[in-house]
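Report on one structure; see the data block that follows.
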Amino acid sequence: MPDVYGIDLDAQTRCLHYHSRLDIVAIRMKCCGLYYACRECHDALADHAPKVWPLSEWDQEAVLCGACGTELTVRQYLDSSSRCPQCAASFNPGCQNHAHLYFETIGSSDQSV
């Protein structure tokens, strides 16, 4: 499994900020190419501003399942119905409320948030 950065991480990528049994997704940040457990961990640990993945790059692997280590493309993750397509582990469906922090939304053109 790739390295994941964050605060108080467990073996399945849960962190200080998000630690329910469903919080097992890490995001490869567009700005630095490193996996972070969440945006708050990135903001606390990185020395630069975050950037979102543009629509044109949604076929890049940028999401990590903390249960099995499978790397998903942005598109696979967003189309996953909150379940890993490899191991069927459930992801937190509430993460969709934060998707705009990681992935460009239709009509959005600002690459840094």
Side-chain angles (χ1 to χ4, degrees):
M1 182 157 25
D3 289 336
V4 176
Y5 298 88
I7 301 169
D8 294 336
L9 289 179
D10 74 6
Q12 292 191 321
T13 75
R14 292 176 193 92
C15 68
L16 172 71
H17 307 101
Y18 298 98
H19 45 268
S20 80
R21 69 177 182 79
L22 299 178
D23 291 316
I24 58 168
V25 169
I27 306 292
R28 183 188 317 258
M29 301 300 290
K30 173 63 179 162
C31 47
C32 56
L34 300 175
Y35 276 106
Y36 278 87
C38 72
R39 169 73 178 269
E40 288 90 345
C41 285
H42 176 273
D43 291 349
L45 300 172
D47 62 357
H48 57 270
K51 292 186 178 180
V52 298
W53 284 92
L55 290 166
S56 63
E57 295 183 32
W58 279 16
D59 291 324
Q60 299 292 315
E61 290 179 338
V63 180
L64 180 71
C65 173
C68 71
T70 296
E71 292 181 273
L72 308 173
T73 67
V74 174
R75 193 172 315 282
Q76 287 173 316
Y77 172 67
L78 294 175
D79 291 342
S80 73
S81 299
S82 299
R83 191 170 289 281
C84 178
Q86 181 65 34
C87 72
S90 294
F91 300 148
N92 189 337
C95 290
Q96 67 188 348
N97 297 328
H98 306 133
H100 67 282
L101 298 175
Y102 306 98
F103 315 119
E104 178 181 11
T105 57
I106 297 173
S108 166
S109 60
D110 185 15
Q111 295 301 299
S112 58
V113 193

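One-based numbering along the sequence shown. Here the structure is a predicted model, which is why all the values come from computation and not from measurement.
- Asp3 pairs by the side-chain hydrogen bond (donor to acceptor under 3.5 Å, both in side chains) definition with nothing, not counting sequence neighbours.
- Every residue two or more places apart in sequence or in another chain was checked for a side-chain hydrogen bond (donor to acceptor under 3.5 Å, both in side chains) with His98, and none qualifies.
- Taking the salt bridge (Lys or Arg N to Asp or Glu O under 4.0 Å) definition, one finds that Glu57 meets it with Lys30, sequence neighbours left out.
- The only option from Leu45, Ile27, Asp43 that meets the side chain to side chain contact (heavy atoms under 4.5 Å, CB included) definition with Tyr36 turns out to be Leu45.
- Glu71 has its side chain within reach of Arg28: a pair of non-hydrogen atoms, C-beta onward, lies under 4.5 Å apart.
- Among all heavy-atom pairs drawn from Trp58 and Trp53, the shortest one is NE1-O, 3.4 Å.
- Partners of Asp8 according to the salt bridge (Lys or Arg N to Asp or Glu O under 4.0 Å) rule, which considers only residues two or more places apart in sequence or in another chain, do not exist here.
- Not counting sequence neighbours, the partners of Arg75 by the salt bridge (Lys or Arg N to Asp or Glu O under 4.0 Å) test are Asp59.
- Counting only distance, with no hydrogens or angles, the side chain of Ser81 and the backbone of Arg83 share no donor-acceptor pair below 3.5 Å.
- Side-chain contact check for Leu72 versus Pro85: some heavy-atom pair is nearer than 4.5 Å.
- Not counting sequence neighbours, the partners of Tyr18 by the side-chain hydrogen bond (donor to acceptor under 3.5 Å, both in side chains) test are Glu40.
- Of all non-hydrogen atoms in Asp10 and Gln12, the two that sit nearest each other are OD1-N, 2.8 Å.
- The two residues Met1 and Gly66 come nearest to each other via the heavy atoms CE-O, 3.9 Å.
- To the nearest 0.5 Å, atom CD1 of residue Ile7 and atom SG of residue Cys41 are 4.5 Å apart.
- Listed here is the closest heavy atom pair of Val25 and Thr13: N-OG1, 3.6 Å.
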Mind running side-chain contact (heavy atoms from CB on, under 4.5 Å) on Cys65 and Tyr77 for me, showing each step along the way? CA-CA 9 Å; Cys65 173; Tyr77 172 67; over 6 Å; no
